[in-house]
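Remarks on the structure that follows.
So you know, we letter chains A, B, ... as the sequences are listed, proteins then strands, and number each from 1. Because only heavy atoms are used, hydrogens play no part in the values below, and waters and symmetry mates are left out as well, while side chains stay in.
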Amino acid sequence: MKKFDLLDGLVCPLDRANVDTDAIIPKQFLKSINRSGFGPNLFDEWRYTDHGEPGMDCSLRPKNPDFVLNQPRFQGAQILLARDNFGCGSSREHAPWAIEDYGFRAIIAPSFADIFFNNCFKNGVLPIVLPEETVDSLFKECAAQEGYRLTIDLAAQTVTTPDGDAFPFEITAHRKHCLLNGLDDIGLTLRHAEKIKAFEEKRKAEQPWLF
Amino acid sequence: MAQTLYDKLWNSHVVHQDEDGTCLLYIDRHLVHEVTSPQAFEGLRLAGRTAWRSKSVIATADHNTPTDNWDQDIQDPIAKQQVDTLDANLKNFDALDFYPFKHEKQGIIHVIAPENGATLPGMTVVCGDSHTSTHGAFGALAHGIGTSEVEHVLATQTLVAKKAKSMLIKVEGQLGKGVGAKDVALAIIGKIGTAGGTGYTIEFAGSAIRGLSMEGRMTLCNMAIEGGARAGIIAVDDTTIDYLRGRTHAPKGENWDKAVAYWKTLHSDADATFDTIVEIKAETIDPQVTWGTSPEQVLAVGGKVPNPANEADPVKRGSIERALQYMGLNADMPITDIRIDKVFIGSCTNSRIEDLREAAGIVKGKKKAASVKQVLIVPGSGLVKRQAEEEGLDKVFIEAGFEWREPGCSMCLAMNNDRLAPGERCASTSNRNFEGRQGAGSRTHLVSPAMAAAAAIAGHFVDVRDIL
């Protein structure tokens, strides 16, 4: 997994609540057996005016000029600014895979759906919850200033605006440690292999019907 | 100290706890399907790891599989590759059960695990699928996970997790005639919103919940995720135990008695406390119909489509306007004036035998409206299909002009060929009415099996209570 420590990135605003994972990456792209290559199909139905299918060359497809990802000023954005309940619906990890593959490293919203939120951390993408009024003000500043950037400092747990306003955010110590060091969970968990085995043996003795 | 059911399930699975509260949770049952598992199996292979306990796995192909012309195999080469990859990953894997495409017991993973007794009270159950919440109906802690977590569970038999907050949703009283578990689920989501349960595990309780069959309880827990909660749970009672008795993987003999004694402790203690409590009177729940593009955009069948002008919050107003435009509906129009093009009865929410009986009860002796282009009946599993055929339900549907299909996820998410054309409107017993969910440009209205069947006959939504 990619490390995440300090990010100074261009911000792209997606001003809709309840953006679901079907919208983030439509089902036809879930047929892939790979983890990568989903970026060109991120928000496929909003981003293109034709119907997308796997295998199409997206550079040749007609784009919806009104959709934010297609606007010149947001090209190269690494921070997605979103509204409430971002990532609701299906548990598909293809959603954070598409977001990461497109080039986003962080998402800021007032709230996220639980499974999506969790999936982000497994892929080096940092989802940040900020209060609704803060997110509102970021949307306004982003609309007003072309080239609007934010600085995210994971170690300090802050999001800083160009004016120097710093907003703190919460993250569990475990997730922070994994992101800062680019660590996957499996290796960490297997350090507890003996504990898992002992737990399992006890369970087998007490509830043999589960095994 | 008094414990909630969630406390009991959580505490009995904690292998290790970090200082920040992050836990390693032992996983008893791992359900696997073709869409969210290939990258996990590949990750395992690349790291040179093997599965910790392959006997915890139940696997099937359901999302991509066609529901007709099985003799022609899978025509879509990418879908076929994914199903073939599952077959290859499960070959020599030594899973507890693997039901590949066309197996007589193949079906939707959330239907086949319970019907084979592979979901048991007191278990932790995970699957790379958000509707894993279904299994909470058995007093099991069950929720969806991502593919990285699928790999983690395969490799370690545990999940890295933090305990959620607890919510109690109490539905007391008697549900009216023609009102079922699906209406309860939609009414709850209408009340708490699609993010209302975010960060919570919801326990459903109250006399109306205890009165539900296991099928009904699965429908309700299935939709906990549409209310934002990863897991929904219901306490074990005689209904749970009676359902499990004699099923393939249910304990037998002395183990059965020991298991039942333990299962009977799986309820919240009388004086347990919850972070949030929501109370609903069963008598106030009418048959429900969603009108928008989020499950919270739902109304009683007697209602009228909302008018954005009446919404003060600009973000909510924008959502209503967008939804009306996408759905092709006018503000203030009665729900019963909405005419439909297609009907889908199926999905992990509503494809069990009781759902099919409910629909057939409405349809018997009637014909689908001429204006309705297609009605798909997709049983949840091979066993459900066989049972329905033994009861003659297939004939009721076929005589009404409906299509009787093979089991699978089908038009719930339209990964196979069962899908709506752009602009088509569907009465659907599935769980999500998101934009594009049933095909690009599709328009979905979520309803119960009875309401879907009634709409198929009338050509528009009707109050099913008027025809019972």
Legend entry - Which atoms of B:Thr156 approach chain A - backbone, side chain, both or neither, heavy atom under 4.5 Å: both
Legend entry - chain A contacts, top residue of B:Arg49, B:Lys316, B:Glu296 (heavy-atom pairs, under 4.5 Å): B:Arg49
Legend entry - For chain A, the option from B:Asp129, B:Val315, B:Thr132 that forms the most heavy-atom pairs under 4.5 Å: B:Asp129
Inset, instruction - Classify the side-chain pair A:Glu93/B:Ser148 by whether it contains a donor and acceptor separated by less than 3.5 Å. - result: yes
Legend entry - Between B:Asp418 and B:Ser410: side-chain donor-acceptor atoms closer than 3.5 Å: yes
Legend entry - Selection from A:His94, A:Arg203, A:Lys197, A:Lys195 maximising heavy-atom pairs under 4.5 Å formed with chain B: A:Arg203
Inset, instruction - Give, as side chain, backbone, both or neither, the part of B:Ile145 having an atom under 4.5 angstrom from any heavy atom of chain A. - result: backbone
Legend entry - Leading residue by heavy atom contact count with chain B [cutoff under 4.5 Å; candidates A:Ser32, A:Gly52, A:Gly89, A:Gly55]: A:Gly89
Inset, instruction - Flag the pair A:Asp44 and A:Arg61 as a salt bridge only when some basic side-chain nitrogen lies within less than 4.0 angstrom of an acidic carboxylate oxygen. - result: yes
Inset, instruction - Give, as side chain, backbone, both or neither, the part of A:Phe211 having an atom under 4.5 angstrom from any heavy atom of chain B. - result: both
Inset, instruction - Tell me, with the steps shown, if A:His192 and B:Val15 meet side chain to side chain contact (heavy atoms under 4.5 Å, CB included). - result: CA-CA 9 Å; A:His192 300 292; B:Val15 175; 5.7 Å; no
Legend entry - Side chain / backbone / both / neither for B:Gln39 at chain A, heavy atoms under 4.5 Å: both
Legend entry - Engaged part of B:Trp52 at the chain A interface, taking heavy atoms whose separation is under 4.5 Å: side chain
Inset, instruction - Any chance you could measure A:Ile171, atom CD1, to A:Gln157, atom CD, to the nearest 0.5 Å? - result: 6.5 Å
Inset, instruction - Give the intermediate values and the outcome of salt bridge (Lys or Arg N to Asp or Glu O under 4.0 Å) for residues B:Glu254 and B:Lys258. - result: CA-CA 6 Å; B:Glu254 191 190 333; B:Lys258 275 172 71 180; 5.3 Å; no
Inset, instruction - Name the region of A:Glu53, side chain, backbone, both or neither, that has any atom closer than 4.5 Å to a heavy atom of chain B. - result: side chain
Inset, instruction - Determine, for A:Glu100 against A:Lys2, whether the closest basic-nitrogen to carboxylate-oxygen distance falls under 4.0 angstrom. - result: yes
Inset, instruction - Go through the atoms of A:Ser90 and report whether side chain, backbone, both or neither lie under 4.5 Å from a heavy atom of chain B. - result: both
Legend entry - Which portion of A:Ala193 sits near chain B, non-hydrogen atoms under 4.5 angstrom: both
Inset, instruction - Answer with side chain, backbone, both or neither: which region of A:Glu45 has an atom nearer than 4.5 Å to a non-hydrogen atom of chain B? - result: side chain
Inset, instruction - Please flag which part of B:Ala414 lies under 4.5 Å from any non-hydrogen atom of chain A: side chain, backbone, both or neither. - result: both
Inset, instruction - Tell me, out of B:His63, B:His16, B:Lys55, B:Glu19, who's got the most heavy-atom pairs with chain A below 4.5 Å. - result: B:His16
Legend entry - Part of B:Asn431 lying under 4.5 Å from any heavy atom of chain A: neither
Inset, instruction - Sort out for me which of A:Leu210, A:Asn85, A:Ile186, A:Asn119 touches chain B most, counting heavy-atom pairs under 4.5 Å. - result: A:Ile186
Legend entry - From OG1 (B:Thr198) to CG (A:Asp84), nearest 0.5 Å: 9.0 Å
Inset, instruction - Could you tell me which portion of B:Val83 (side chain, backbone, both or neither) has an atom closer than 4.5 angstrom to a non-hydrogen atom of chain A? - result: neither
Inset, instruction - Give a yes or no on whether a salt bridge exists between A:Asp114 and B:Lys162, defined as a side-chain N under 4.0 angstrom from a carboxylate O. - result: no
Inset, instruction - Side chain from CB out, backbone as N, CA, C, O: work out which of these in B:Leu24 comes under 4.5 Å of a heavy atom of chain A, or both, or neither. - result: side chain
Inset, instruction - For salt bridge (Lys or Arg N to Asp or Glu O under 4.0 Å), just list the numbers for A:Asp136 and A:Arg83, CA-CA rounded to whole Å, side-chain angles, deciding distance to a tenth of an Å, and then say yes or no. - result: CA-CA 9 Å; A:Asp136 250 342; A:Arg83 293 288 187 185; 2.8 Å; yes
Legend entry - Atom NZ of A:Lys63: over 12 foreign heavy atoms under 6.0 Å: yes
Inset, instruction - State whether the number of non-hydrogen atoms from other residues, nucleotides or ligands found under 6.0 Å of B:Asp84 atom CG is greater than 12. - result: yes
Legend entry - Options B:Met123, B:Arg53, B:Glu34, ranked by heavy-atom pairs under 4.5 Å with chain A, top entry: B:Arg53
Inset, instruction - Name the region of A:Asn18, side chain, backbone, both or neither, that has any atom closer than 4.5 Å to a heavy atom of chain B. - result: side chain
Legend entry - Between A:Phe38 and A:Phe29, ring centroids under 6.0 Å: no
Inset, instruction - Could you look at B:Thr147 and say if it's the side chain, the backbone, both or neither that has a heavy atom under 4.5 Å from chain A? - result: both
Inset, instruction - Could you look at B:Asn64 and say if it's the side chain, the backbone, both or neither that has a heavy atom under 4.5 Å from chain A? - result: side chain
Inset, instruction - Go through B:Gly318, B:Pro295, B:Pro38, B:Gly197 and name the one with the most non-hydrogen pairs under 4.5 angstrom from chain A. - result: B:Pro38
Legend entry - Carboxylate-amine/guanidinium contact A:Asp184 A:Lys122, below 4.0 Å: no
Inset, instruction - With salt bridge (Lys or Arg N to Asp or Glu O under 4.0 Å) as the test, would you mind laying out the steps for B:Glu435 and B:Arg322 before giving the verdict? - result: CA-CA 10 Å; B:Glu435 286 186 22; B:Arg322 244 192 96 74; 2.8 Å; yes
Legend entry - Interface moiety of B:His131 toward chain A, non-hydrogen atoms closer than 4.5 Å: neither
Inset, instruction - Against chain B, label A:Ala173 side chain, backbone, both or neither, depending on which of its atoms sit under 4.5 Å from a heavy atom there. - result: both
Legend entry - Ion pair check, A:Lys31 and B:Asp76, cut-off under 4.0 Å: yes
Inset, instruction - Under 4.5 Å, counting heavy-atom pairs only, tell me which of B:Gln81, B:Arg230, B:Glu226 racks up the most with chain A. - result: B:Arg230
Inset, instruction - Using non-hydrogen atoms and a 4.5 Å limit, figure out which bit of B:Arg432 sits close to chain A: side chain, backbone, both or neither. - result: side chain
Legend entry - Atom group of B:Tyr262 that falls short of 4.5 Å from chain A, counting heavy atoms: side chain
Inset, instruction - State the NZ-CG distance between B:Lys252 and B:Asp257, to the nearest 0.5 angstrom. - result: 13.0 Å
